[in-house]
Amino acid sequence: MPELPEVETTARSLRPRLVGVGVLGISGIDWPRMLPNTSEADLQSTLCGKHVVSVDRRGKYLLLEFDDDTCLAVHRKMSGNLLLQERTTPLALHTHLVIDLDSGCQLRFVDARKFGRVYLFHSREERDDFLAQRLGPDSLIELHAALLASKLRGRKGRLKSLLLDQAFVAGVGNLYADEALWEAQLHPLRPADSLSAEEIERLADAIRNVLTLGIERRGTSFSTYLDSDGLPGENQDYLNAYGREGQPCPRCGTPIRRITVAQRSSHFCPQCQPAIA
DNA sequence: CCACGATCCTGCTAGC
DNA sequence: TGCTAGCAGGATCGTG
């Protein structure tokens, strides 16, 4: 499941190979629902002849900006992958969008579960409104202890639920939330406004740390994530809590426990992450 | 503001 | 062996 580090890894690898490149055509749409605000014909008429001027990331959205301020936003949700491949490479199963480029390559959106979405915005303003409505401060570049403290103040929800809320902080998903809570030694069910200043600082540091390490390891390929060259990341070899139910906590040896929080599995060490501070 | 449940999808796995 | 039922999971929406 692509979260911030996976999207950032993809953006970094696509950037040098897409900036300056022109669009020749759009094809392969076999699932109109993945285009909530556009269509194959709309994409075709809007993007043909346009050149990519930037490849960016906001939260878990990958953004391709073109030379007339048109913007394509891709959210990969659970299983979506963006592959940059030679035109001659056979299409992978579950390919739902193909963008033909004048570099001889194709940018292909492949998504087995069809949860992924591609949006087209006709101006920077339209795009920014869309994102502002959904995304809080970016958990990698904007989140600091003071900001986290002010956002947590008065919030009665569970800590884990809030971390998954993209309007609270953008970019953290289930896997990195569990890893950050493990590192900060905080129980996922802690009431959000019960954290001490020191705990908030630990959490802010942990979030930045797990995301940064995730990027350095080119993402976590827990199930389906692949980078734009179709290669897995390495961070799955370094997980401390996520997916490790019953296995020893790397810090204290206590078996990792799994509970359900906000309808999502939550992995934590019952020894290092006590429910009561 | 918060919690909970349903929804969307399909590959995988556990269980029979 | 082969089948099926159930699970996972990000975001959104409706209800309480």
Side-chain angles (χ1 to χ4, degrees), chain A residues 1-8 10 29-37 57-63 73-82 92-97 109-119 127 129-140 150-181 188-195 207 211 214 219-226 230 232 235-236 239 241-246 256-268:
Chain A
M1 39 220 136
E3 301 180 26
L4 187 151
E6 289 73 37
V7 182
E8 180 67 27
T10 303
I29 306 288
D30 63 347
W31 187 246
R33 190 175 285 207
M34 69 173 280
L35 304 174
N37 75 344
R57 177 197 62 76
R58 300 260 188 100
K60 303 177 194 172
Y61 288 87
L62 184 95
L63 306 176
V74 179
H75 196 306
R76 295 149 75 183
K77 295 287 181 80
M78 306 298 304
S79 57
N81 282 314
L82 265 179
L93 194 62
H94 307 302
T95 300
H96 303 304
L97 168 65
F109 187 61
V110 181
D111 184 9
R113 278 181 216 172
K114 298 180 173 171
F115 275 20
R117 297 289 181 263
V118 175
Y119 300 86
R127 174 198 72 186
D129 285 349
F130 176 90
L131 295 173
Q133 228 169 65
R134 290 165 174 77
L135 303 182
D138 191 89
S139 49
L140 182 68
S150 77
K151 295 213 61 141
L152 285 170
R153 199 166 301 134
R155 297 296 296 251
K156 304 249 181 276
R158 314 291 200 183
L159 193 49
K160 172 76 183 277
S161 309
L162 269 190
L163 291 180
L164 296 178
D165 180 355
Q166 301 303 297
F168 183 76
V169 281
V172 176
N174 204 34
L175 187 151
Y176 289 96
D178 280 2
E179 292 301 301
L181 289 172
L189 293 178
R190 283 282 299 277
D193 66 354
S194 75
L195 272 63
I207 290 171
L211 296 176
T220 306
S221 294
F222 194 81
S223 49
T224 55
Y225 165 73
L226 299 172
N235 198 52
Q236 63 277 9
L239 298 178
Y242 186 84
R244 298 192 66 251
E245 182 184 15
I256 295 293
R257 187 173 296 170
R258 183 167 75 102
I259 60 173
T260 297
V261 182
Q263 281 134 275
R264 219 132 296 148
S265 62
S266 211
H267 311 74
F268 68 102

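Numbered from 1 within each chain, the chains take letters A, B, ... in sequence-line order.
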>> Can you measure His96(A) atom NE2 to dC9(B) atom P for me and round it to whole angstrom units?
In response: 10 Å
> Under a 4.5 Å cut-off applied to non-hydrogen side-chain atoms, are Lys160(A) and Asp178(A) in contact?
Replying inline: yes
>> Can you measure Arg33(A) atom CZ to dC8(B) atom C1' for me and round it to whole angstrom units?
In response: 7 Å
>> Between Lys156(A) and Ala112(A), which residue's closest nucleotide on DNA chain B lies nearer the 5′ terminus?
In response: Lys156(A)
>> Check this for me: does any side-chain nitrogen of one of Asp193(A) and Arg153(A) sit under 4.0 Å from a carboxylate oxygen of the other?
In response: no
> Which is true for Arg153(A) with a 4.0 Å heavy-atom rule: it touches a base, it touches only sugar-phosphate, or it touches nothing?
Replying inline: nothing
>> In whole Å, I'd like the distance from the NZ atom of Lys77(A) to the P atom of dC9(B).
In response: 11 Å
> By ring pair (Phe, Tyr, Trp, His ring centres under 6.0 Å), which residues pair with Tyr242(A), not counting sequence neighbours?
Replying inline: Phe222(A), His267(A)
>> Could you check whether any side-chain N or O of Lys156(A) sits under 3.5 Å from a backbone N or O of Ala192(A), counting only pairs where one atom can act as donor and the other as acceptor?
In response: no
>> Just so I know, are the side chains of Glu3(A) and Leu175(A) near enough to count as touching, which here means a heavy-atom distance under 4.5 Å?
In response: yes
> Considering residues at least two apart in sequence or located in another chain, which fulfil the ring pair (Phe, Tyr, Trp, His ring centres under 6.0 Å) criterion with His75(A)?
Replying inline: Tyr61(A)
>> Between Trp31(A) and Ser161(A), which residue's closest nucleotide on DNA chain B lies nearer the 5′ terminus?
In response: Ser161(A)
>> Does any part of the side chain of Thr10(A), heavy atoms only, come nearer than 4.5 Å to the side chain of Arg57(A), both counted from C-beta?
In response: no
> With distance as the sole test, does Ser139(A) use its side chain to make a donor-acceptor pair with the main-chain N or O of Ala170(A) at under 3.5 Å?
Replying inline: yes
> Got a salt bridge between Lys77(A) and Asp111(A), using NZ or NE/NH1/NH2 to carboxylate O under 4.0 Å?
Replying inline: no
> Which nucleotide span of DNA chain C, 5' end to 3' end, has atoms closer than 4.0 Å to non-hydrogen atoms of chain A?
Replying inline: dA8(C) to dT12(C)
> Looking for any heavy atom pair under 4.0 Å, which part of the strands does Ser79(A) touch: base, sugar-phosphate only, or nothing?
Replying inline: nothing
Would you tabulate the nitrogen or oxygen pairs shorter than 3.5 Å linking the protein to nucleotides 4-6 of chain B?
from: dG5(B); atom 1: N7; to: Gln263(A); atom 2: OE1; distance (Å): 3.2
from: dG5(B); atom 1: N7; to: Gln263(A); atom 2: NE2; distance (Å): 3.1

> Could you state the interatomic distance from CG (Leu97(A)) to CG (Leu35(A)), rounded to the nearest 0.5 Å?
Replying inline: 7.0 Å
>> Could you tell me how far apart Leu162(A) (CG) and dC1(B) (P) are, to the nearest whole angstrom?
In response: 11 Å
> DNA chain C: stems of at least 3 consecutive Watson-Crick or G-U pairs, cut-off 3.5 Å?
Replying inline: B:2-16 with C:2-16
> When the distance from NZ of Lys114(A) to C1' of dT7(B) is rounded to whole Å, what number comes out?
Replying inline: 16 Å
>> For Pro232(A), give me all partners under side chain to side chain contact (heavy atoms under 4.5 Å, CB included), at least two apart in sequence or on another chain.
In response: Ser221(A), Leu226(A)
> Between His94(A) (NE2) and dG11(B) (C1'), how many Å, whole number?
Replying inline: 8 Å
> Which nucleotide in the list dC1(B), dC8(B), dG11(B) gets nearest to the side chain of Arg155(A)?
Replying inline: dC1(B)
